[in-house]
Amino acid sequence: MKIAVCLKQVPDMESKFKILEDKKIDESQIAFKINDFDNYAVEAALQLKEKAGGEVVIVTCGPDRSAKDIRQAFAMGADWGIHVNDPAVEAGDNFVVASTLQKAIESIGGVELVLTGVQAEDDQAAVTGVMLADLMGWPHCTNVKKLEVNGTSLTVNRELEGGLNEVLEMSAPAVLTVQSGINEPRYPTLPGIMKAKKKRLDVKKAADIGASAAAKTDFIKMFFPVSEHKAEIIQGDAATAAAKLVEKLKNEAKVI
Amino acid sequence: MAKIVAIAEHRNGKLTDATLELCKAAKELAGALGAEPAVAIMSKDDTLAKEVAKYIPLVLSVTNAALEGYTADGYTQAIKAVVETQDVKGVLVPHSYDGVDYAAKVAMAIGAGIVSNCNKAAVEGGSVVFTRNTYNGKIQEMKKVNTDKFVATFEKGAYDMEAAGGAGTVTAVSADIANVRTKSKGIIETMAGAVDISQAKIIVSGGRGCKDADKYKDVIVSLAQKLGGEYAASRPVVDSGWTDPARQVGQSGKTVAPDLYLAAGISGAIQHVAGMKGSKCIVAINKDPEAPIFNIATYGIVGDLFEVIPAMKEKL
Ligand SMILES: Cc1cc2nc3c(=O)[nH]c(=O)nc-3n(C[C@H](O)[C@H](O)[C@H](O)COP(=O)(O)OP(=O)(O)OC[C@H]3O[C@@H](n4cnc5c(N)ncnc54)[C@H](O)[C@@H]3O)c2cc1C
Ligand SMILES: Nc1ncnc2c1ncn2[C@@H]1O[C@H](COP(=O)(O)O)[C@@H](O)[C@H]1O
């Protein structure tokens, strides 16, 4: 089965964030990595390929820096990739990205299954996979926690609140958004890393693949949240703070 | 009159809390926009439409045998029929598992922009400005749509629940539902386990910051035992197999409200907080002073949990 995996590069959320002109984050202090959920999607695709053969193609919209993490997915075992590196897409919204991913996937030809992450850790939108499915005219399932493929029949578990799963049947071609915990993503091996360097990565502009969607939402500004319930921060080195905390839990909050 | 329509959510014949929250949101937004608030409900019959009419003046009820259970295709076709026949300007959807599954598809079907996972909406100069969490809760952003209609999903707790009181009208809206491409085979429980952490008075919970299974045990499990409480975890800890699923706290795990919830190496993502924000006293230990968990904690220590927790144990 030919599988496309949509992979987004996102900041490591433990980074120190600085906002520039209410508009964007200062990337100079930020380390980037594969969106956690997409890592599970890559692994799910690789496992399907190992079972039934086929090909795993990585599709990414992002700036130059994204190439590092496409290669990371290559090192895990993905076969090749398309990197749409276009400021116009970067300036767009989820709809622009979904439309671009659609064109990129159509340019591959013969793709029967598209896997995305449940959500991107940076924009936390959880809409791109569903939009993509609609654009392709394919059915979808979100929050997939288990996946079995038998020819073109898919049996999937859709995660629900409080530990419940709905078991669904559907047919490929389809788009599935993959939830964390569906598998254990592998770490690249040294030979994998060596091979990754030589794998094919097509770098495209939106126009090269016929993508030209316009955004349906406008970004206004960004800011740090102001909390009305900010914690009382207990000062001091670890030993001092720990002692004060225990004291407070006993005598102030009276919970231990 | 143009309408702001909240989509009702129900499971096992009961409306969810999110439905009542969105009744409030629809009323507020409709008021500010000079529009009419309504709820659209998809079901096999009218029973729940009458129930939701206690919370909102107008209920648009789509009944169809194909709507007995939730499907993205079924809901999208039904909501599209509502939007097309009822002069709908905005569609409000819970950012729940079902909501996330269909909201973007509805936006595509009606040609609307979508702003998802919002925690606030305000009307400024005639258009709705949405506020939402990004970067795992570290940064908020404001967005609006540039389309005529909008779809927005709201995180749980963004609005208070509307109280029952009115007696709204129920209007039937008919929709043809064809070609539903997913088939439900039923719902299963995946997190059953021997322990029930929801009854514990003290919970010590560890996150990805605990590094590995052994360290999680050394630090989190042992502190829980010393305090006579239960140990628990964020999702990545369970995903990595450091502890069992029955101990996961959050949207996809357990909801707990102990006297003391100590979160160590947990960033405070909304899906985690959803499961523990009702705790009486919350302690956060995190080396990142900007971690969102400090925005909901009672006491916080900015530091290395591998230094702070052993020091705490010495004082107990
Ligand atoms: C649909 C859906 C459902 C979800 N359901 C749940 C759920 O039920 N429960 C849940 O927990 N999550 C859930 N999540 C995942 C959630 O979005 C977060 O990814 C998750 O909660 C993050 O877990 P964490 O805080 O342990 O890890 P991270 O976000 O990676 O945070 C780790 C933290 O540890 C700190 N740290 C690292 N080292 C140290 C140290 N030595 N000392 C002190 N601090 C340290 C870091 O500063 C950081 O803040 C869900 C997500 C989705 C999309
Ligand atoms: N720029 C992008 N490039 C490739 N895939 C993306 C991009 N943005 C989002 N996706 C995919 O869509 C999923 C959901 O993202 P979002 O809707 O932004 O939360 C991600 O987990 C990715 O799989």
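Order of the sequence lines fixes the chain letters, A, B, ..., with proteins taken first and strands second; residue numbering starts at 1 for each chain.
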Find out whether [X] and [Y] are in side-chain contact, i.e. whether some heavy atom of one side chain is under 4.5 Å from a heavy atom of the other.
X: A:Ile25; Y: B:Tyr135; answer: yes
X: B:Thr298; Y: A:Glu232; answer: no
X: A:Met170; Y: B:Arg181; answer: no
X: A:Lys230; Y: B:Asn295; answer: yes

With a sphere of 6.0 Å drawn around CD of A:Glu184, does it hold more than 12 non-hydrogen atoms of other residues, nucleotides or ligands?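 12 or below, so no.
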So which of B:Ile187, B:Asn146, B:Asp259 has the largest heavy-atom pair count under 4.5 angstrom toward chain A?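 Most pairs with chain A among the choices: B:Asn146.
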Could you tell me whether [X] and [Y] make a salt bridge, using a distance below 4.0 angstrom between a side-chain N and a carboxylate O?
X: B:Asp148; Y: A:Lys216; answer: no
X: A:Glu169; Y: B:Lys185; answer: yes
X: A:Arg158; Y: B:Asp98; answer: yes
X: B:Lys144; Y: A:Asp218; answer: no
X: A:Glu14; Y: B:Lys287; answer: yes

Could you tell me the separation between the OG atom of A:Ser227 and the CD1 atom of B:Ile296, rounded to the nearest 0.5 Å?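 Separation between the atoms: 9.0 Å.
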Let me confirm one number: the NZ-CE distance from B:Lys143 to A:Met222, rounded to the nearest 0.5 Å.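 Reported value, rounded in 0.5 Å steps: 10.5 Å.
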With chain B as the partner, which of [options] has the greatest number of non-hydrogen pairs under 4.5 Å?
options: A:Ala242, A:Ala253, A:Gly236; answer: A:Ala242
options: A:Lys145, A:Gln235, A:Gln179; answer: A:Gln179
options: A:Thr142, A:Ile233, A:Ile220; answer: A:Ile220

Residues [X] and [Y]: side-chain donor-acceptor under 3.5 angstrom:
X: A:Glu161; Y: B:Tyr97; value: no
X: A:Ser180; Y: B:Asp239; value: yes
X: A:Glu166; Y: B:Tyr70; value: no

Quick check on B:Ala112 against chain A: is it the side chain, the backbone, both or neither that has a heavy atom closer than 4.5 Å?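 Backbone only.
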Using heavy-atom distances under 4.5 Å, tell me whether A:Leu154 contacts chain B through its side chain, its backbone, both, or neither.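 Interface part for A:Leu154: neither.
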Which portion of A:Asn143 sits near chain B, non-hydrogen atoms under 4.5 angstrom: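 Contact with chain B is through the side chain of A:Asn143 alone.
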